[in-house]
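Reminder, nothing fancy here: chain letters follow the sequence lines and each chain counts from 1.
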2 protein chains.
Amino acid sequence: MKKENVTIYDIAKESNVSPATVSRVLTGNAKVRPKTMQRIIDVIEKHNFRPNSLARSLLHKSSKTIGFILPDINHPFFSTLVQKGEAYALELGYTTFLCNTMNNSENESKYLQSLVEKQVDGIIYLGGRINATDTDEQYAEEIKKVMERVPVVFVNGQMTGVDAHIVRTNEEIGIEKLVELLVNLNHKKIGFLGGVEGISSTDLKKNTFLNVMKNKGLVVNSDWMIGDGFNIESGEEVASKLLYLKERPTAVICANDLVAIGVIRVLTKFGLKVPDDISVVGFDDIYLAQYFPPGITTVNQNYDQLGQTAINVLVDLINGKEAEKETVVPTSLILRDSCKFYTK
Amino acid sequence: MKKENVTIYDIAKESNVSPATVSRVLTGNAKVRPKTMQRIIDVIEKHNFRPNSLARSLLHKSSKTIGFILPDINHPFFSTLVQKGEAYALELGYTTFLCNTMNNSENESKYLQSLVEKQVDGIIYLGGRINATDTDEQYAEEIKKVMERVPVVFVNGQMTGVDAHIVRTNEEIGIEKLVELLVNLNHKKIGFLGGVEGISSTDLKKNTFLNVMKNKGLVVNSDWMIGDGFNIESGEEVASKLLYLKERPTAVICANDLVAIGVIRVLTKFGLKVPDDISVVGFDDIYLAQYFPPGITTVNQNYDQLGQTAINVLVDLINGKEAEKETVVPTSLILRDSCKFYTK
DNA sequence: ATAGGAAATGAAACCGATTTCACCCAATTG
DNA sequence: CAATTGGGTGAAATCGGTTTCATTTCCTAT
């Protein structure tokens, strides 16, 4: 089916030694007489031989491979996180399978199966959700079964009923900082736009938002918490709804920076100046947040730390070590020019 | 080293059959008596058994796996392309290894080695370069050795001395369209900004640009072809240089949309209006091009077609079929609001 | 020169699946 | 009723490495 490969047996024969000795040269696990070793190395290089890691993994029961499951690599939040995680994993000797689910349960199942069959040593699951639908519940069962075999670390997300290790940004504090910033800027009517009901990070942000507002004694009109989605289009959509309100918020917090961009676009298009007429803040601090005019005030997710910690926890689990059940990564407020003191 | 897994032998024993029969159930390659089959299936489900694909791949010499080598998943051009390619590969039953080289030769070598050892069935190489340095030349040798074992398809890039299958966007026609657009808009002084010398796609664009300009009888001042890089920062940098010129171009073509965004930002910051004072066009039609004000006129790369064709060619090669040596994917001009008729 | 011990090497089992080949048993046919 | 046919099943080889254990080779000390 495929062209014949050079194997360790071929190398052994041509070097007049046994496969065992060649293996010793390859792994460095035992001493080989220098003269013999050189002879073997020469033959290896002559044929440009590379050991078949499938065979090795089969024996060792470890593939030095981890899988990343994520909704969409094309979203800057995920691509940045994956890039950091992958780079760090490589340093630790792991290569990574990429699994873009596109939020499709069928794809997710397919990928989970495949990762198990491919004997990945561990799985990083980015952006989980709280059960909202029946298929989610069924999917949670699937994940649980996988977790019996393979360690899984959730990043910025979780699923109800799934007791997993999690590494996450401190979204509560992030939201708190944003609200405080806006309140200090004299805003009293603050909204929250975008996100998706049932996605754990959205739910967490919304709940935190409501709590903090309540503690400040501020009322949140239900018209001010709308929108459904994580991209620019959904930001545009929700902003158009905002325009029709008889009483508009003077500032809005967006579920993420892309939503903020969409919101700013539509508001600007309809003659409202950001930040002069309305303040808009985002979340994530994606690469673009600093470049999109007027420069988006946002909460920075520490991608490096998030990625590395997730890998570290996963590798600890792989090696049978104990690991923190939940690691919370701090955030920082990034002040730019999309919000302003409210003078009424 | 790892917790014991259920194997086909365990299933066989518990079902009172031989492993061969279990295998027949798993693969569906031969008939098994319905009663026996049901018994086996029950045992499989009871233990939630999944066959070890390493063992299977070892035997079949085919891992149903392909590797993506690319500079940086965080760049929207690549993330989109990878997402399309990966989705299509999944449809065809392949999972994908992600290899972000970050333009680091050491990483590239590490990854190439690893992909060969992991017995990938094929490799998609995104964004190649023409040899410019000694390390590149050495790297080209490495790629060639890999290609003796594993089929490789280059997308939008190539390496001198490497005779490979390639799938690429018709960048020549794309550039031609842009130049013609600008010329029709009465521009005579046109520049080309950004890109990296030695990267094949940049070299191709620049050469095409010069040729087309020459054919139109237009002169390109060497000051108008500057810049080094593919991101927003490099666009900002090159735009600042542009400001100092005594004679500025009235329109510029940027190596890609990110560069265009950087250019627009700096020009705007220094009081030049785009497109009123200067026209700016990009390339790629990334997700953001339509949203970044004033909306960037650009050349659309057909990501779906590019990704699918690349995978199709690769799969053909994997299956020992003949495949087009070079496939050129057409482009389309996307008109937005970053360029305008020049009235002098 | 030779015994003794250390160092280097080889034979064979093993990882977990698939597949060929041979065999068995039941059903069909002369 | 014996012979033929064929569907269903099992034994064993195989993929390409690693590792244990036994054996051989080498070196050193007497």
Side-chain angles (χ1 to χ4, degrees), chain A residues 1-41 43-44 47-64 113-114 116-121 149, chain B residues 1-41 43-44 47 49-65 113-114 116-121 149:
Chain A
M1 188 158 286
K2 206 181 132 189
K3 65 194 121 189
E4 284 315 307
N5 260 330
V6 178
T7 75
I8 203 173
Y9 292 92
D10 304 323
I11 303 297
K13 201 186 295 174
E14 194 166 331
S15 316
N16 289 316
V17 293
S18 73
T21 303
V22 177
S23 174
R24 284 185 260 259
V25 170
L26 289 174
T27 61
N29 283 344
K31 290 213 146 172
V32 174
R33 197 178 308 153
K35 221 181 84 179
T36 317
M37 178 142 154
Q38 191 54 55
R39 204 170 65 233
I40 295 173
I41 289 178
V43 176
I44 288 177
H47 292 284
N48 198 22
F49 166 76
R50 300 282 161 236
N52 182 328
S53 79
L54 298 181
R56 185 180 285 176
S57 299
L58 183 57
L59 197 53
H60 282 156
K61 296 170 188 299
S62 147
S63 59
K64 289 308 236 174
Q113 291 255 19
S114 167
V116 170
E117 292 180 5
K118 292 220 153 89
Q119 312 293 116
V120 295
D121 296 338
R149 291 180 176 24
Chain B
M1 190 158 284
K2 206 182 134 188
K3 66 193 117 185
E4 282 317 306
N5 259 332
V6 178
T7 75
I8 202 173
Y9 293 91
D10 304 324
I11 303 297
K13 201 184 295 173
E14 195 165 330
S15 315
N16 288 316
V17 294
S18 73
T21 303
V22 178
S23 174
R24 284 185 260 260
V25 171
L26 289 174
T27 61
N29 284 343
K31 290 213 145 174
V32 174
R33 198 181 305 156
K35 222 183 83 180
T36 319
M37 180 143 153
Q38 192 53 57
R39 203 171 65 232
I40 295 173
I41 289 178
V43 177
I44 287 176
H47 292 284
F49 166 76
R50 300 282 162 237
N52 182 328
S53 79
L54 298 181
R56 184 180 284 179
S57 299
L58 183 57
L59 195 53
H60 284 155
K61 297 172 187 302
S62 148
S63 59
K64 289 307 237 174
T65 286
Q113 291 256 18
S114 166
V116 170
E117 292 179 5
K118 293 218 152 90
Q119 312 294 115
V120 293
D121 295 338
R149 291 179 174 27

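In this model, the phosphate group of dC15(C) is not approached by any side-chain N or O of N52(B) to a distance below 4.0 Å at OP1 or OP2. The phosphate of dC15(C) has neither OP1 nor OP2 within less than 4.0 Å of any side-chain N or O from S57(A). Of the side-chain N and O atoms in T21(B), one or more sit less than 4.0 angstrom from OP1 or OP2 of dG10(D). Residue H60(A) places at least one side-chain N or O closer than 4.0 Å to OP1 or OP2 of dT19(D). Of the side-chain N and O atoms in N29(B), one or more sit less than 4.0 angstrom from OP1 or OP2 of dT19(C). The phosphate of dG16(D) (OP1 or OP2) has a side-chain N or O of K61(B) nearer than 4.0 angstrom. Contact between the side-chain N/O atoms of S18(B) and the OP1/OP2 oxygens of dG10(D) is found at a separation under 4.0 Å. For R33(A) and dA8(C), the shortest distance from a side-chain N or O to OP1 or OP2 is not below 4.0 Å.
The side chain of A20(B) approaches dT19(C) more closely than any other nucleotide in the set dT9(C), dT19(C), dT18(D). Side chain of R24(B), nearest nucleotide from dG17(D), dG8(D), dT20(C): dT20(C). Of all nucleotides listed (dT9(C), dA17(C), dG17(D)), dG17(D) comes nearest to the side chain of L59(A). The side chain of P19(B) lies closest to dT18(C) when the candidates are dT18(C), dA17(C), dG17(D).
At whole-Å resolution of the value, CG in L58(A) and C1' in dT19(D) are 14 Å apart. As a whole-Å value, the separation of R39(B) CZ from dG8(D) P is 14 Å. Rounded to an integer number of Å, the gap from CG of L54(A) to P of dT18(C) is 14 Å. What separates CD1 of I11(A) from C1' of dG17(D) is a distance of 13 Å, to the nearest Å. Between M37(A) atom CE and dA7(C) atom P the separation is 17 Å, expressed in whole Å. Between the P atom of dA6(C) and the NZ atom of K31(A) lies a distance of 15 Å, rounded to the nearest Å. Taking atom CD1 of residue I8(A) and atom C1' of nucleotide dC15(D), one finds them 13 Å apart after rounding to whole Å. Atom pair L26(A):CG and dG17(D):P shows a separation of 8 Å (rounding to whole Å applied).
Between V32(A) and Y9(A), the residue anchored closer to the 5' end of DNA chain C is V32(A), taking for each the nucleotide with the nearest heavy atom. Nearer to the 5' terminus of DNA chain C, by closest-nucleotide assignment, is the contact made by V17(A) (compared with the other of A55(B) and V17(A)).
Atom-to-atom distance recorded for L59(B):CG and L54(B):CG is 12.5 Å, nearest 0.5 angstrom. Interatomic distance, F49(B) CZ to I40(B) CD1, rounded to the nearest 0.5 Å: 11.0 Å. Note: H47(B) NE2 to E14(B) CD = 3.5 Å, rounded to the nearest 0.5 Å.
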Evaluate side-chain contact (heavy atoms from CB on, under 4.5 Å) for N5(B) paired with K61(A), printing each intermediate quantity in order. CA-CA 9 Å; N5(B) 259 332; K61(A) 296 170 188 299; 5.8 Å; no

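Among the heavy atoms of the strands lying under 4.0 Å from S23(B) is at least one base atom, whether or not backbone atoms are also near. Nucleic acid contact class of N16(A) (heavy atoms, under 4.0 Å, all strands): sugar-phosphate only. At the heavy-atom level, S53(A) lies nowhere under 4.0 Å from the strands shown. Nucleic acid contact for T27(A): sugar-phosphate only, since backbone atoms but no base atoms lie under 4.0 Å from a heavy atom of the residue.
Here the side chain of T7(B) pairs a donor or acceptor atom with the backbone of Y9(B) at under 3.5 angstrom. Under a 3.5 Å cut-off, the side chain of D121(A) and the backbone N or O of K64(A) do form a donor-acceptor pair.
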